[in-house]
Amino acid sequence: MKSGRLPRAAAICIAIAVLAGCGHQGKSADHGHAPAAERQITVYYSKAGSDSLVAMYYSAASDLAGSALAQYVASQLVAGPPDATTSLIVFPPDTRVRASQNGATVDVDLSGGITKHYAGGAGDEAGLFKSLTYTLTELPGVTAVQVSLNGQVEAALPGGHLELDEPLTRETFAQ
């Protein structure tokens, strides 16, 4: 083995590993732009104790569209921000999501612990669904989000307060 080859090979492996994980790289509003082969998507998280939303930017393949893009974006939101120490309202860690675009509406099916009992309070619950709605209505042509729990449209989360049996829009959360 020639001297100097191992460090270069290690550097290449590290670069590949970093690039392979580029899907979940939240960036605040004042950071750089996504590479040309990718597009930038906005994921909104609700700030705890307020009605404010915090925008984080992620990269997505430029060829994602429709249901594939909706699924990708919803998955990024449910996974939570990359910095776990932030004071943002996030979905419980065992939450699973399936999203598909149906015209101007994205159908979101949630499963996992969030569908058993929600004990986060009305403010946090509204924050979760506000972030979901604002994130998905940021997609081209999307104006509403229809939430279902374990494949069924329900009036609300078990233990929850927010009405989920009608599609959610940005106007749902207007002051």
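No hydrogens, no waters, no symmetry mates; every other heavy atom, side chains included, goes into these values.
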Return each pair, listed once, that meets salt bridge (charged side-chain N to carboxylate O under 4.0 Å, His left out) where at least one residue sits in residues 137-151; pairs must be two or more places apart or across chains.
Glu138-Arg170
Considering all heavy atoms, the nearest Glu38-Ser59 contact
OE1-CB, 3.1 Å
Gln40 side-chain N/O to Ala60 backbone N/O, donor-acceptor pair under 3.5 Å:
no
Identify the two heavy atoms, one from Arg96 and one from Gly112, that lie closest to each other, and give their separation to 0.1 Å.
NH2-N, 3.7 Å
Check whether Ser111 reaches the backbone of Asn150 with its side chain - one donor and one acceptor, N or O, closer than 3.5 Å.
no
In sequence, state the C-alpha distance, the side-chain angles, and the governing distance for Leu69 and Ile41, and then conclude on side-chain contact (heavy atoms from CB on, under 4.5 Å).
CA-CA 10 Å; Leu69 181 58; Ile41 58 168; 4.2 Å; yes
Pair Thr172-Thr133, side-chain contact (heavy atoms from CB on, under 4.5 Å): steps then yes or no
CA-CA 9 Å; Thr172 303; Thr133 302; over 6 Å; no
Give me the atom names and distance for the closest heavy-atom approach of Phe173 to Ala126.
CE2-O, 3.6 Å
Grab the two heavy atoms, one from Thr135 and one from Thr42, that are nearest each other, plus how far apart they are.
CG2-O, 3.7 Å
Indicate the atoms forming the closest heavy-atom contact of Ser46 with Gly127, along with that distance.
OG-O, 2.7 Å
For the atom pair OH (Tyr58) and CG (Leu77), what is the distance rounded to the nearest 0.5 Å?
8.0 Å
Between atom CG of Leu136 and atom CD of Gln146, what is the distance when rounded to the nearest 0.5 Å?
12.5 Å
Nearest-0.5 Å distance, OG1 of residue Thr137 to CG of residue Leu132
9.0 Å
Distance alone, cut at 3.5 Å: any donor-acceptor contact between the side chains of Gln71 and Ser75?
yes
Tyr118 OH to Leu157 CG distance, which is reported to the nearest 0.5 Å:
8.0 Å
Using the test side chain to side chain contact (heavy atoms under 4.5 Å, CB included), find all partners of Ala156 that sit at least two apart in sequence or belong to another chain.
none
Counting only N and O atoms by type, is there a donor-acceptor contact under 3.5 Å from the side chain of Gln101 to the main-chain atoms of Ala70?
no
Is there side-chain contact between Pro158 and Leu149, with heavy atoms separated by less than 4.5 Å?
yes
Please report the shortest heavy-atom distance between Ala55 and Tyr44, naming the atom on each side.
CB-CE2, 3.8 Å
Once rounded to the nearest 0.5 Å, what's the spacing between atom CZ of Phe129 and atom CD of Glu163?
13.0 Å
Distance-only, no hydrogens or angles: does the Thr169 side chain make a donor-acceptor pair with backbone N or O of Ala144 under 3.5 Å?
no
Restricting to pairs with a member in residues 98-109, which pass salt bridge (charged side-chain N to carboxylate O under 4.0 Å, His left out), not counting sequence neighbours?
Arg98-Asp109
Calculate, to the nearest 0.5 Å, the distance between atoms NZ and CG belonging to Lys47 and Leu88 respectively.
8.5 Å
Partner of Leu128 under side chain to side chain contact (heavy atoms under 4.5 Å, CB included), picked from Leu110, Thr95, Ile89, is Ile89
